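To start, the structure itself, in structure tokens.
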Protein chains: 2
Amino acid sequence: MKQRSSIIGSVEALPHRVASHLSREIEGGDIIPGARLPTESQLADKFGVSRNVVREAIAQLRADGMIEARQGIGAFVMAPEQRTAIRIDREALKDQRNMEQLFELRSILETESATLAAARCASDDLDAINAALDRMGGEERWEDGSIEADLLFHRAIARATGNSYIYTFISFVCEQIRQSIHYARLTNPLHDLVEVNVAEHVRIYDELAAHDPQAAGEAMRRHIEGAAARVGVELTAKLNRGK
Amino acid sequence: MKQRSSIIGSVEALPHRVASHLSREIEGGDIIPGARLPTESQLADKFGVSRNVVREAIAQLRADGMIEARQGIGAFVMAPEQRTAIRIDREALKDQRNMEQLFELRSILETESATLAAARCASDDLDAINAALDRMGGEERWEDGSIEADLLFHRAIARATGNSYIYTFISFVCEQIRQSIHYARLTNPLHDLVEVNVAEHVRIYDELAAHDPQAAGEAMRRHIEGAAARVGVELTAKLNRGK
DNA sequence: ACTTGCGCAGTTGTAGGATGACCGTATGAT
DNA sequence: ATCATACGGTCATCCTACAACTGCGCAAGT
């Protein structure tokens, strides 16, 4: 009794597929907050999987605070505001508009990250940032290596703020963007490899080393803007920050 | 054969307990990235639960990108940078230092949120913000109601930016702070009820209505600073923004 | 000696059924 | 009419069995 026919088709694991399907139904508004989900048995039948699989799927959604299961009653979907986790749908990032918004958020975080880092960074922080810079301009010119070094650079700055949440959020956003770009490049190979602009990075580093928060933030803001443009994303409505 | 004795004691559901335990072991560095976890059967024995419970726990961690399971081999812990979800440990927020950092992040997000909202908000956005303002100053003076209205106010502004990610992130951070404060108040009842400063909110609204991004951002920054101080959090190192 | 193929043991993935705990409601006795 | 009880539905947990996959060793063939 194995591998019965399933509605949804993909290569992913069954629980993940079920969770994604339910997640989309909830995000899409097909199931409004407060409403009760079908029973686990019904879902198992509907998706053509075992109840075990359904439970694992629900376990994921429950961990995110998207639904709440109460023994003896059922599972209910929660309001989107009280999620206990942030998760970004990679499918949604295929939409240019969403990618713009994510870049805008990144711009905000990174700009302030550079500002704070300039005011707080110690010498070992600068060393770490400089090391990433070397990897970028060094012999590691193969695409994935330079991109990796780029992420390292930004993470090192975020770490220099001394704020672990800033580090976490920036790492997360950058990683989402990176994976999305990487995926887009696979499906559309003519899209040229994203070359990192070393000059912009050096400029940022110099401002950080000079401990000039204002200038460092500004340099970072322009850099993110340029990075966005390089992957075809235009941050049209600029962030009107003090200049 | 039900409810056998367990190592870990709590009121939470079994899978959540196991997931938390594993999560802490990973975060704490007891299991380094790249290392392999014990088999599901071994974990089941160790925690005194069934393999099913272990699987649900692993399903949660897997959804966060904290571990990766490969059929026929085992489960491995991933590097903290490539998490697919952001989750904030509420326990950690009991530490004043962490709360300060989270408030600093909030200040960054909210300041820029107000700045963008001032530049972009339409009349219906202002209506929504104003509605929240009314609920705050209105008859709904009972504590939970006014706090709820406060969150509504900030979310309405975030929504007015037109950037769904900003909205999501701000909602998330605010909610984490709110729950943490709420919890702290339960354990330490002498800590007075947090009264929301209506005047500051009105000031923010006025600047938004005037479509003055610079002033709105500044008003918000001061407001968050004040809010932090009101719950005993001092944002010592200020954000050196253009003033 | 080297390669190739096969089988075996270990691990995760899935199925299915059984039982306990809990909730809401209907039923029946007072 | 009120309250206690019984019952069905649902989630929570457990168990067992099997499929799919991996890695490794061993044996046969070259």
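A, B, ... follow the sequence lines: proteins, then strands. Residue 1 opens every chain. Model, not experiment: these values are computed from the prediction.
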### Message
I'd like to know if A:D125 pairs up with A:R159 as an ion pair, taking the criterion as any Lys NZ or Arg NE/NH1/NH2 lying under 4.0 Å from an Asp or Glu carboxylate oxygen.
### Response
no
### Query
When the distance from CD1 of B:I58 to C1' of C:dT12 is rounded to whole Å, what number comes out?
9 Å
### Proximity of A:H223 and A:H154 rings by center, below 6.0 Å
yes
### Summary
A:R51 has its side chain closest, among D:dG23, D:dA12, C:dA15, to D:dA12
#### Entry: Euclidean distance, atom CD of residue B:E68 to atom C1' of D:dT22 [Å, nearest integer]
14 Å
### Query
B:Q179 and B:R90: side chain to side chain donor-acceptor pair (under 3.5 Å), yes or no, with the steps?
CA-CA 8 Å; B:Q179 290 184 11; B:R90 199 104 102 320; 2.7 Å; yes
### Query
Between C:dG13, D:dA12, C:dA15, which one does the side chain of A:V53 approach most closely?
C:dA15
### Message
Ignoring hydrogens and geometry beyond distance, is a side-chain donor-acceptor pair present between A:Y167 and B:Q101 at under 3.5 Å?
### Response
no
### Message
Between the base of C:dG13 and the side chain of A:N52, is one N or O donor paired with an acceptor at under 3.5 angstrom?
### Response
no
### Query
If you look at every strand shown and take non-hydrogen atoms under 4.0 Å, does A:R70 touch a base, only sugar-phosphate, or nothing?
sugar-phosphate
### Query
How do B:Q71 and A:Q71 order along DNA chain C: which one's closest nucleotide is nearer the 5' end?
B:Q71
### Task
Using the ring of B:F47 (Phe, Tyr or Trp, six-membered ring only), decide whether B:R17 places NZ or CZ under 6.0 Å from its centre and within 45 degrees of its axis.
no
### Query
Mapping B:S41 and A:G72 to their closest nucleotides on DNA chain C, which lands nearer the 5' end?
B:S41
### Query
Start at the 5' end of DNA chain D and walk down; is the nucleotide closest to B:I73 or to A:A69 reached first?
A:A69
### Task
Give the rounded distance in Å between these two atoms: CG of A:L43 and C1' of D:dT10.
12 Å
### Message
Quick check on D:dA12: is either OP1 or OP2 less than 4.0 Å from any side-chain nitrogen or oxygen of A:R62?
### Response
yes
### Message
Please pick, from D:dA12, D:dT22, C:dT14, the nucleotide with the shortest atom-to-atom distance to any side-chain atom of A:S50.
### Response
C:dT14
### Query
What integer distance in Å separates A:H16:NE2 from C:dT12:C1'?
17 Å
### Interatomic distance, A:E40 CD vs D:dT13 C1' [rounded to whole Å]
11 Å
### Integer-rounded Å distance: D:dC14 P and B:F47 CZ
13 Å
### Task
Grab the CZ-P distance between B:R55 and D:dA12 for me, whole Å please.
17 Å
## Note on the structure
Rounded to whole Å, the CG-P distance (A:L37 to D:dT10) equals 13 Å
